[in-house]
Amino acid sequence: MHPQFDRAAVVAWLLAHDKIEVPVGMPSASLAVVGAGRRTFCLDGPWLDLADDAEGEDVLSGWSTDADADELAALAAGEFGASLGRLTAPGTAPLAVLGDVRVIERFRSGSGGLRVTLAWPAMLRGTAEPAAGGVVRHGVPYVGPGEECVCQHHDCGGMVPAGSCAEHGRAVRPALEWHAGGGLRCTELHHSRAAAERAGAVPAWPVPPEVPTYI
């Protein structure tokens, strides 16, 4: 009876069809793109559609200058696309993407504005690290950690291997299933592991021994 539409999507459609002028003080998205180089871009009037399925794709669009659109396309033109060190957009926490960021559309409105659309596999999206940006990858071991493991463990069942760990360090290099920390796969594994722990199907993560720190 009374359908509701996302405000950012409505504004983007109205702008694209020359129904309104570009609003003053329009919200924007900031994205640090890493390819052959690194550059921070700004997209005005952003529209961000995050997939609920790890097999899907995330899509981001926004208004850009011609020069920025050309440079963004050049960074993403590599064999494996570009990565996002940090993406901040209205309505969502800072995100980062491990790779395969591509420019999939450049749309020129009748008034001359240029709208750029990017996409990337949803499974490569994770939570941006507060300081350096980027995504911390979690490795899920095929065999549970033993008493000698000193790696940093996460609720998803994954870990960030410590180089000195006797089980998962540089000297051993075990096979791990990797995923983006804080992403869809990470959340899925967290829920599955929590349910299994409540049912007693798997033991809780062992607390790794403290490693002395020398100053």
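On a predicted model such as this, the values are computed, not experimentally measured, just so you know.
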Subject >> side chain to side chain contact (heavy atoms under 4.5 Å, CB included) partners of A51, counting only residues at least two apart >> reply: D58, A122

**OP:** Might you point out which heavy atoms bring S83 and L98 nearest each other, and give the distance in Å?
**Re:** CB-O, 3.4 Å

**OP:** Indicate the atoms forming the closest heavy-atom contact of G157 with P141, along with that distance.
**Re:** O-CD, 3.8 Å

Original post:
Which pair of heavy atoms, one from A162 and one from C151, lies closest together, and at what distance?
Top reply: N-SG, 3.3 Å

Subject >> Shortest non-hydrogen contact between W120 and L87, atoms and distance >> reply: CH2-CD2, 4.0 Å

Original post:
Can you tell me how far CD of E57 sits from CG of L118, rounded to the nearest 0.5 angstrom?
Top reply: 11.0 Å

**OP:** Go through the structure and list residues passing ring pair (Phe, Tyr, Trp, His ring centres under 6.0 Å) with H179, not counting sequence neighbours.
**Re:** H138

Subject >> Contacts of D49 that satisfy salt bridge (Lys or Arg N to Asp or Glu O under 4.0 Å) - sequence neighbours left out >> reply: none

Subject >> Connected-component partners of L176 among ILVMFWY, side-chain separation under 4.5 Å >> reply: W178

Subject >> Partners passing side-chain hydrogen bond (donor to acceptor under 3.5 Å, both in side chains) against R86 (at least two apart in sequence or in another chain) >> reply: none

Original post:
For E167, which residues count as a salt bridge (Lys or Arg N to Asp or Glu O under 4.0 Å) partner, sequence neighbours excluded?
Top reply: none

Original post:
Of the non-hydrogen atoms in M159 and C149, which two are nearest, and what is the gap between them?
Top reply: CE-SG, 4.4 Å

**OP:** Just jot down the side-chain hydrogen bond (donor to acceptor under 3.5 Å, both in side chains) partners of R38, sequence neighbours excluded, or say none.
**Re:** none

Subject >> D155 side chain near R193 side chain, heavy-atom distance below 4.5 Å >> reply: no

Original post:
Hey, are the side chains of H154 and L189 touching, using non-hydrogen atoms and a 4.5 Å cut-off?
Top reply: no

Original post:
Which is it for V33 and F41 under the side-chain contact (heavy atoms from CB on, under 4.5 Å) test, yes or no, and what are the steps along the way?
Top reply: CA-CA 7 Å; V33 181; F41 298 89; 3.7 Å; yes

Original post:
Counting only heavy atoms not in D53, do more than 12 sit closer than 6.0 Å to its CG atom?
Top reply: yes

Original post:
Given a cutoff of under 4.5 Å between side-chain heavy atoms of I, L, V, M, F, W and Y, with clusters grown through shared members, what are the other residues clustered with V160?
Top reply: V136

**OP:** Go through the structure and list residues passing side chain to side chain contact (heavy atoms under 4.5 Å, CB included) with A54, not counting sequence neighbours.
**Re:** M123, L184

Subject >> Side chain to side chain, R106 and D70, heavy atoms closer than 4.5 Å >> reply: yes

Original post:
To the nearest 0.5 Å, how far apart are CG in L31 and CG in L95?
Top reply: 11.0 Å

Subject >> V172: hydrophobic cluster co-members (side-chain, 4.5 Å) >> reply: none

Subject >> SG-CZ distance between C165 and R170, expressed to the nearest 0.5 angstrom >> reply: 11.5 Å

Subject >> Residue pair V59, W47: steps toward the side-chain contact (heavy atoms from CB on, under 4.5 Å) verdict >> reply: CA-CA 8 Å; V59 178; W47 180 70; 4.3 Å; yes

**OP:** Please report the shortest heavy-atom distance between G85 and V34, naming the atom on each side.
**Re:** N-CG2, 4.4 Å

**OP:** With sequence neighbours excluded, tell me which residues meet salt bridge (Lys or Arg N to Asp or Glu O under 4.0 Å) with E177.
**Re:** R185

**OP:** Under the side-chain contact (heavy atoms from CB on, under 4.5 Å) rule, what do S61 and L43 come out as? Steps first, then yes or no, please.
**Re:** CA-CA 8 Å; S61 67; L43 294 179; over 6 Å; no

Subject >> Pairs touching residues 127-137 that satisfy side-chain hydrogen bond (donor to acceptor under 3.5 Å, both in side chains), sequence neighbours left out >> reply: none

Original post:
When rounded to the nearest 0.5 angstrom, what distance separates CG in L114 from CH2 in W63?
Top reply: 8.0 Å

Original post:
Is the backbone N or O of G45 less than 3.5 Å from a side-chain atom of R115, with the two atoms forming a donor-acceptor pair by type?
Top reply: yes

